[in-house]
Colleague: 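Supplied in structure tokens, the structure appears directly below.
Note that ligands are numbered from 1 as they come in the structure, with each ligand's atoms numbered from 1 the same way. Along the sequence shown, residues are numbered consecutively beginning with 1.
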Amino acid sequence: MVSYLDIVFDIPLKQVYSYRSDEKGEAALGKRAMVPFGRREVMGYIVGEHEGPPPDLAPEKIKAIRRVVDKEPVFGAVNAALARWMADFYLCGPGEALAAMIPSARRVDSTPSFTDEGLLGEGHELSGEQEAALKGIAGMYAELEQHGARVNSAGQKSRDATQMAYLYGITGSGKTEVFLRAADLMLKAGKSVIYLVPEISLTHQTAGVIRKRFGGAAATLHSGMKNSERLTEWMKIRRGESRIVAGPRSAIFAPVQNLGLIIIDEEHDASYKSGNTPRYHARQIAMRRSRDEGALLLMGSATPSAEAWKLMTEGRIRRFTLSRRLSGGSLPSITPVSLARTEGCLSVELKDEIRKTALAGRQSILFLNRRGFSYFYHCRDCGYELTCKRCSVSLTYHKSLGKAVCHYCGYRSEAPSSCPECGSLEAGFTGFGTEFIEEELKHTFPDLRVRRADADTTGGRGSLEKLLDEFRGGEIDILLGTQMVAKGLNFPGVRLVGVVFADTGLHLPDFRAAERTFSLIVQVAGRAGRYFPDGKVIVQTLRPFDPAIKLACALDVEGFFEAELRQRAAANFPPYTRLIRFTVRSKDEAKADRAAARLAALVRPALPPDAELLGPAECPIGIQNGNYRRHILLRGPDMAPIHRAASLLLDAYGREKESAVYVEADVDPVNLL
Ligand code: ADP
Ligand code: ZN
Ligand code: ZN
């Protein structure tokens, strides 16, 4: 008879709470329950069951749960164990980890979320390189099955080392086909597959391909779905009805049975790292799951992350290279063009190529990683700069709104007609965003159909998909956009890709600035000439001699990483060290300073001699949404010792923490702003 339950909540505490079970006995491990918590009623996750009361509590003090939310459990032992590990590694509460995994809906949706496409796709005959890669991958899996696997206490297979493979291949080299074949092998062997793709390209392309290929066996989880739809898919996966799951970051938690393979497409993509607590990285979770559950981890990209590249050169990830484009295209020619003497933002070279492309009846993609019209307001007389009232960042002028907008907190103000400080008329916005380019394009090419894809034009559900469908259907001549047009999208008609301003990310105070710039240019360039041998890429820059830009234009991935890794090693940055970041925020500046100083003082004695403490310092974005932001950074050659220091720090700090100050931990941060 189960009468007592262990319950955790979506709060930043390690604490597991004891409750008395319900009378009907519906409560069970893996279900959610509404319970009294302080003066409120909140939802908790049942993570343990006991016959007797916990030894350290008087039974009459233990409250009963109010009611059970789920008819059948929504998570099992594997998720619970993973949540415990996540709570420990990412320095969060176990309930926060479960909340990040499980769709938050209370009820499953009774309407089926997808219809099958009918005829299942066949796939291509593999090229020699693809064949070799698939064989190698199958061989690795066979080895994994034969040796290594043993069974741990949760009934999972467990290995000492992770088996990892990487498909390193230029865009259009047929990585997807190899992923699908590898998945097919697994499904035929009775195993399950998790297939991760970056957030944006998801529903549209890969998920469609997967559903076409595997029909009813395929499930999709993504953020565009209603929570109830996600829960419906989730339960199908738990019951084993779906054995291949496609989705972005959070799909790594899919409760598949008998996991055989995890695929991470576009492994370098920043969307695999969560932007809020718990700040997990899907690749890290994938490594953990594949090890615990005896699965193979297969990643792929044309521009691997520096972390993955290092592991490949050390032989810890086995690399398979695809070097040729298979769809009739060839690699585009890439020309860097200096913007130094250009008036406006379209160089003569870029305008010529846009015209040529249109005359040939083909399409152009222009990429600029900055939305809005213009983003920097400056007075030439007194030096005044217009920044957000609540954040220490410049406001961006949005012409369509007629307002100056903060991209960090959403604050809006009127665009000043003269300098608010000295009244001078020699003041105004400079620097161009996508809205500005759109205007210049429409003005320069009145006969061409120009469309813009950024967060301002694709707000509604499905509107990006619609825009991309129109582009694919040839109804648009020039597609202009941010990140959204850079990711793994595949458009046969594209001849020209223009990077409007390649330098946008180079000046950020972040050691990954060069890597991001490099990989973005190579990825965007990969959208050109996939099916025809005449692809053309123009990269506009003010720094044509910057190594990241030069090497990207030469598509020299090896050359870039050789130089970049040498610099990272010299500067003691990842992948040669590991980082843990603590961010402090408070509306009260003195409190933020005090808390950051205390964190630093508490952690300093706990750090091993080969680790360092950087800070406390003001974050590069010193104020956000009215909160003063400070941070400290722990850095060391290995994770374990700095992680131990970080845990001790949180315990010590938690015992006497100040009110109205928030501390957030980020293990392996990718954003240092
Ligand atoms: P990647 O994922 O490496 O960027 P894709 O998988 O999108 O590349 O492949 C690019 C194109 O090549 C796709 O249109 C795909 O259908 C085609 N393709 C893949 N494998 C083959 C093959 N073996 N023979 C012919 N075409 C192929
Ligand atoms: Zn002024
Ligand atoms: Zn703001």
Colleague: Given the Zn ion (ligand 2) as the apex, I'd like the angle to SG of Cys382 and SG of Cys422, rounded to 10 degrees.
Modeller: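 That angle works out to 110° after rounding to 10°.
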
Colleague: By number and element, which atoms of ligand 1 are closer than 4.0 Å to a non-hydrogen atom of Glu125?
Modeller: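 Those qualifying, in numeric order: 22 (C), 23 (N), 24 (N).
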
Colleague: Do any of the N/O/S atoms of His407, backbone or side chain, fall under 2.8 Å from the Zn ion (ligand 3)?
Modeller: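 No, since none of the N, O or S atoms of His407 sits under 2.8 Å from the Zn ion (ligand 3).
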
Colleague: Taking the six-membered ring of Tyr375 as reference, does the NZ or CZ atom of Arg370 fall below 6.0 Å from its centre and within a 45° cone about the axis?
Modeller: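 Yes, Arg370 sits over the ring of Tyr375.
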
Colleague: Would you check whether Leu322 reaches within less than 4.0 Å of ligand 1, judged by its heavy atoms?
Modeller: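 Leu322 does not count as a contact of ligand 1 under the 4.0 Å cut-off.
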
Colleague: List ligand 1 atoms under 4.0 Å from Thr171, heavy atoms only on the residue side.
Modeller: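 Taking each heavy atom of Thr171 in turn, ligand 1 has 4 (O) under 4.0 Å.
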
Colleague: Measure from atom 4 (O) of ligand 1 to every heavy atom in Gly172, Gly526, Gly300, Gly174 and give the option owning the shortest one.
Modeller: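 When every heavy atom of Gly172, Gly526, Gly300, Gly174 is considered, Gly172 comes closest to atom 4 (O) of ligand 1.
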
Colleague: Are Phe471 and Phe491, when compared by the centres of their aromatic rings, separated by less than 6.0 Å?
Modeller: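 So the answer is yes for these two rings.
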
Colleague: Who's the nearest protein heavy-atom neighbour of atom 13 (C) of ligand 1, and how far?
Modeller: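 Scanning the protein heavy atoms, the shortest distance from atom 13 (C) of ligand 1 goes to Tyr531 OH, 3.8 Å.
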
Colleague: Given the Zn ion (ligand 3) as the apex, I'd like the angle to SG of Cys406 and SG of Cys409, rounded to 10 degrees.
Modeller: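 About 110° at the Zn ion (ligand 3).
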
Colleague: Can you name the nearest heavy-atom pair linking Arg249 to Tyr272, along with the distance?
Modeller: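 Looks like CD-O, 3.3 Å.
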
Colleague: Should the pair Arg630-Glu589 be classified as a salt bridge under the 4.0 Å nitrogen-to-oxygen rule?
Modeller: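 Salt bridge: yes.
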
Colleague: Is ligand 1 under 4.0 Å from a heavy atom in the side chain of Leu126, in the backbone, in both, or in neither?
Modeller: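 The answer is the backbone.
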
Colleague: Check each atom of ligand 1 against the heavy atoms of Ser127 and keep those under 4.0 Å away; list them by number with element.
Modeller: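 Near Ser127, the atoms of ligand 1 are 23 (N).
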
Colleague: Does Thr434 reach the main-chain N or O of Gly481 with its side chain, forming a donor-acceptor pair under 3.5 Å?
Modeller: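 No: the side chain of Thr434 does not pair with the backbone of Gly481.
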
Colleague: Which ligand 1 atoms does Ser173 reach within 4.0 Å, using its non-hydrogen atoms?
Modeller: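 Here the atoms of ligand 1 in question are 1 (P), 3 (O), 8 (O).
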
Colleague: Any donor-acceptor pair under 3.5 Å linking the side-chain atoms of Thr335 with those of Lys536?
Modeller: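 Judged by distance alone, the side chains do pair up.
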
Colleague: For Lys175, which part has a heavy atom under 4.0 Å from ligand 1: side chain, backbone, both, or neither?
Modeller: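 Both of them.
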
Colleague: When you measure from the side chain of Ser392 to the backbone N and O of Gly622, does any donor-acceptor pair fall under 3.5 Å?
Modeller: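 Yes, Ser392 side chain to Gly622 backbone: donor-acceptor pair under 3.5 Å.
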
Colleague: What atoms in ligand 1 come closer than 4.0 Å to a heavy atom of Ile170?
Modeller: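 Result: 3 (O).
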
Colleague: What protein heavy atom sits nearest atom 7 (O) of ligand 1, and how far away is it?
Modeller: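 Result: Arg530 NH2, 3.1 Å.
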
Colleague: Counting neighbours of CD on Glu558 that are heavy atoms of other residues, nucleotides or ligands and sit closer than 6.0 Å, is the number greater than 12?
Modeller: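 Yes, the 6.0 Å shell around CD holds more than 12 heavy atoms from other groups.
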
Colleague: What I want to check is whether the side chains of Thr321 and Glu129 have a donor and an acceptor closer together than 3.5 Å.
Modeller: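 No - no donor-acceptor pair under 3.5 Å links their side chains.
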
Colleague: List the closest protein heavy-atom neighbour of atom 15 (C) of ligand 1: residue, atom name, distance to the nearest 0.1 Å.
Modeller: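 For this ligand atom, the closest protein heavy atom is His124 NE2, 3.5 Å.
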
Colleague: Decide whether Glu385 and Ser394 meet the rule of one side-chain donor and one side-chain acceptor closer than 3.5 Å.
Modeller: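 On atom types as modelled, these side chains do not qualify, holding no pair under 3.5 Å.
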
Colleague: Return the residue, atom name and 0.1 Å-rounded distance of the protein heavy atom closest to atom 12 (O) of ligand 1.
Modeller: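 Going by distance alone, atom 12 (O) of ligand 1 is nearest to Ser327 CB, 3.6 Å.
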
Colleague: Which residue and atom name correspond to the protein heavy atom nearest atom 2 (O) of ligand 1, and how close is it?
Modeller: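 Atom 2 (O) of ligand 1 sits closest to the protein heavy atom Thr176 OG1, 2.9 Å.
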
Colleague: Mark the output for Gly169 as yes if a heavy-atom distance to ligand 1 is under 4.0 Å, and as no if none is.
Modeller: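 In this structure, Gly169 fails to qualify as a contact of ligand 1 - no heavy atom is under 4.0 Å.
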
Colleague: To check your reading of the site, what angle at the Zn ion (ligand 3) do SG of Cys388 and SG of Cys391 form, to 10°?
Modeller: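 For SG of Cys388 and SG of Cys391, the angle centred on the Zn ion (ligand 3) reads 110°.
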
Colleague: Applying side chain to side chain contact (heavy atoms under 4.5 Å, CB included) between Cys619 and each of Arg581, Gln624, Arg585, report the one that passes.
Modeller: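 Of Arg581, Gln624, Arg585, side chain to side chain contact (heavy atoms under 4.5 Å, CB included) with Cys619 is met by Arg581 alone.
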
Colleague: If you stand at the Zn ion (ligand 2) and look out to SG of Cys379 and SG of Cys419, what angle do those two lines make, to 10°?
Modeller: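 Computed angle, vertex at the Zn ion (ligand 2), rounded to 10 degrees: 110°.
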
Colleague: Counting only heavy atoms from other residues, nucleotides and ligands, does the tally under 6.0 Å from CD of Glu421 exceed 12?
Modeller: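 Counting other residues, nucleotides and ligands, CD of Glu421 stays at 12 neighbours or fewer.
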
Colleague: When you look for heavy atoms under 4.0 Å from ligand 1, do you find them on the side chain of Gln130, its backbone, both, or neither?
Modeller: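 Side chain only.
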
Colleague: Hey, what's the ring geometry for Tyr195 with Phe179, parallel, tilted or perpendicular (30° and 60° as the breaks)?
Modeller: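 Tyr195 and Phe179: perpendicular rings.
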
